Protein chains: 2
Amino acid sequence: MISKTPTLERRTSALSKEAIIAAAIEILDGQGETALTFRALAARLATGSGAIYWHIADKQALLAAATDHIIAGITVDEVVAKEPRQAIRAFALGVFDAIDTHPWVGGQLSRDPWQHAVLRILEAVGGRVQALGVPADAQFNVATAIMSFILGLAGQYALGARMCEGGIDRTTALDEIAARWAQLDPENYPFVRLIATQLPDHDDREQFLAGIDLLLAGIEPLRHATAPRG
Amino acid sequence: MISKTPTLERRTSALSKEAIIAAAIEILDGQGETALTFRALAARLATGSGAIYWHIADKQALLAAATDHIIAGITVDEVVAKEPRQAIRAFALGVFDAIDTHPWVGGQLSRDPWQHAVLRILEAVGGRVQALGVPADAQFNVATAIMSFILGLAGQYALGARMCEGGIDRTTALDEIAARWAQLDPENYPFVRLIATQLPDHDDREQFLAGIDLLLAGIEPLRHATAPRG
DNA sequence: ACCTGAACACCGTTCAAGT
DNA sequence: ACCTGAACACCGTTCAAGT
């Protein structure tokens, strides 16, 4: 009675989109992506599975809304935000930390690149790209390049986290991958074999920032001397 | 009898992993990702659905094998391959073209970043990063940054293609997205609204290359004067 | 307007039984 | 060794029926 069966009583308060999203995030964070089913969600909300459809179109919309809720929570320190490069770094790290605490966000971001959460990222990055004085005709390509990098790495971290869901910790998971890579044909995979030795010790956060810095360095030659004219 | 029912006779030749993968690719190319089920695959192969499991572990392994088959087919012109930067550009375009003709590859690449196909990409990129004279301690971050960008953009194109599966062509699909972006709150989404006007006319291939060039430009300051010493 | 929950139309995967 | 195909254990989604 204490912990075995979930509450059997029906809920007293009315259902809402917010409550559904909050419950979905709890399940995703606690039990992982595969645990989020409409049946499990309905059980947690103490309602019928069909009730959810009154508030949310379908599962894809639910995941998009949950992801948007997380990404919307990313904030950049006001002082840091003054300098565009630091602001991009800080926001990118915000995305990184969000994925770190909510691994399913990484998978969802890369799975549906035109959901609203991605627009938040594009806006945050794009605004700073403009502030850096990148010419108007290059802003699209530059902003989407940074965004694509973020989404791409997001997908990778999501998988790393998915592996760790099985109970294995990060270190042994990376060791296992490194071992598999080390067994590859030396003729065709010299680089991957070399990388394999560095994989277990590498720092995700540093890897993430290094990529951002690489892109920012690539922007430098494009910049105007001053901020863009109106 | 002519077109309605699929062939009812059992197959005469033995099943093989290669035949299964080839049939899977045919379905994926012809009817899209959602059409690939073990039942549909078994019907096309004129066998029972359980037979497939004798040759392939599960659906994820099937998709990974199909993706690897496509990525393995990417070739870089020998002359171009001599210059590392051109080789990276050419290989990246090879990935782009592969996704263009097999849209499901984009989704699969970003979905499972440690499948074998991704190692091919990492090896191709990493070898050229070494040849460019990037110091050993930076090779990991640089190579994975380029790879992450490729995987991130791959996911985006995959979605674009997924939208077009519904019969809508690319132009109207992009117009529709642009219209949605244009309706966003001007206060919070000035950049996305600006980008929306450029979205319908933009060239995917150029966008892809621009990102690669941005990363390559970012590499320049890191390079040794000569190729790395042994 | 909002909710219920059985029913529908699927999946991937397994496995006793065949050859 | 290789294949069959019914059966199992799930899904997301719908919808007549309730309040």
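Note that the structure is predicted; figures quoted are calculated from it, not measured.
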Participant: How many whole angstroms separate atom CZ of A:Arg39 from atom P of C:dA7?
Facilitator: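 It works out to 13 Å between those atoms.
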
Participant: Kindly point out which of D:dT13, D:dC3, C:dT14 is positioned nearest to the side chain of B:Ala14?
Facilitator: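 Out of D:dT13, D:dC3, C:dT14, the nucleotide with an atom closest to B:Ala14's side chain is D:dC3.
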
Participant: Rounding to a whole Å, what distance do you find between A:Leu62:CG and D:dT13:C1'?
Facilitator: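 Interatomic distance, CG of A:Leu62 to C1' of D:dT13: 14 Å.
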
Participant: So B:Leu153 and B:Gln207, side-chain contact (heavy atoms from CB on, under 4.5 Å) or not? Walk me through it.
Facilitator: CA-CA 9 Å; B:Leu153 215 43; B:Gln207 181 189 12; 4.2 Å; yes

Participant: Mind checking who C:dA16 pairs with, Watson-Crick or G-U wobble, both distances under 3.5 Å?
Facilitator: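 For C:dA16, the partner nucleotide comes out as D:dT4, under the 3.5 Å rule.
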
Participant: What do the steps show when you test B:Asp213 against B:Arg89 for salt bridge (Lys or Arg N to Asp or Glu O under 4.0 Å), and what is the final call?
Facilitator: CA-CA 8 Å; B:Asp213 285 343; B:Arg89 287 169 56 106; 2.6 Å; yes

Participant: Give a yes or no on whether a salt bridge exists between B:Arg193 and B:Asp185, defined as a side-chain N under 4.0 angstrom from a carboxylate O.
Facilitator: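 Looking at B:Asp185 together with B:Arg193, the answer is no, because their closest N to O distance does not fall below 4.0 Å.
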
Participant: Rounded to whole angstrom units, what separation is found between the CD1 atom of A:Ile52 and the P atom of C:dA1?
Facilitator: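 Atom-to-atom, A:Ile52 to C:dA1, this comes out as 21 Å.
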
Participant: Compare side-chain N and O positions of B:Trp54 against OP1 and OP2 of D:dC2 and report whether any pair is under 4.0 Å apart.
Facilitator: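 Yes, because at least one side-chain N or O of B:Trp54 sits under 4.0 Å from OP1 or OP2 of D:dC2.
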
Participant: Could you pick out which residue, A:Ala51 or B:Gly50, lies toward the 5' side of DNA chain C when each is mapped onto its nearest nucleotide?
Facilitator: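 With A:Ala51 and B:Gly50 compared, the 5'-side residue is A:Ala51.
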
Participant: Expressed in angstrom and rounded to an integer, what is the separation of B:Ile27 atom CD1 from C:dC11 atom P?
Facilitator: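 It works out to 11 Å between those atoms.
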
Participant: Provide, to the nearest angstrom, the distance between the CD1 atom belonging to B:Ile56 and the P atom belonging to D:dC2.
Facilitator: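 These atoms are roughly 14 Å apart.
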
Participant: Using a 4.0 Å heavy-atom cut-off, does B:Leu36 contact any base of the nucleic acid, only the sugar-phosphate backbone, or nothing at all?
Facilitator: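 Answer is sugar-phosphate: B:Leu36 comes under 4.0 Å of backbone atoms only.
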
Participant: Would you kindly give the OH-to-C1' distance between A:Tyr53 and D:dG12, to the nearest whole Å?
Facilitator: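 Distance, rounded to whole Å: 4 Å.
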
Participant: A:Glu33 has an atom CD; how far is it from atom P of D:dG12, in whole Å?
Facilitator: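 So the two atoms are 12 Å apart, to the nearest Å.
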
Participant: Please give me the minimum heavy-atom distance between B:Ile56 and B:Ala61, naming the atom from each residue.
Facilitator: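 So the minimum-distance heavy-atom pair works out to CG2-CB, 4.1 Å.
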
Participant: Centres of the B:Phe149 and A:Phe149 rings: under 6.0 Å?
Facilitator: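 Between B:Phe149 and A:Phe149, the centre distance exceeds or equals 6.0 Å.
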
Participant: For the pair made of NE2 in B:His55 and P in D:dC3, what is the distance, rounded to whole Å?
Facilitator: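 Spelled out: NE2 on B:His55 to P on D:dC3 is 4 Å.
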
Participant: In terms of side-chain heavy atoms of B:Ser49, which of C:dG5, C:dC11, D:dG5 is nearest?
Facilitator: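 From the listed options, D:dG5 comes nearest.
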
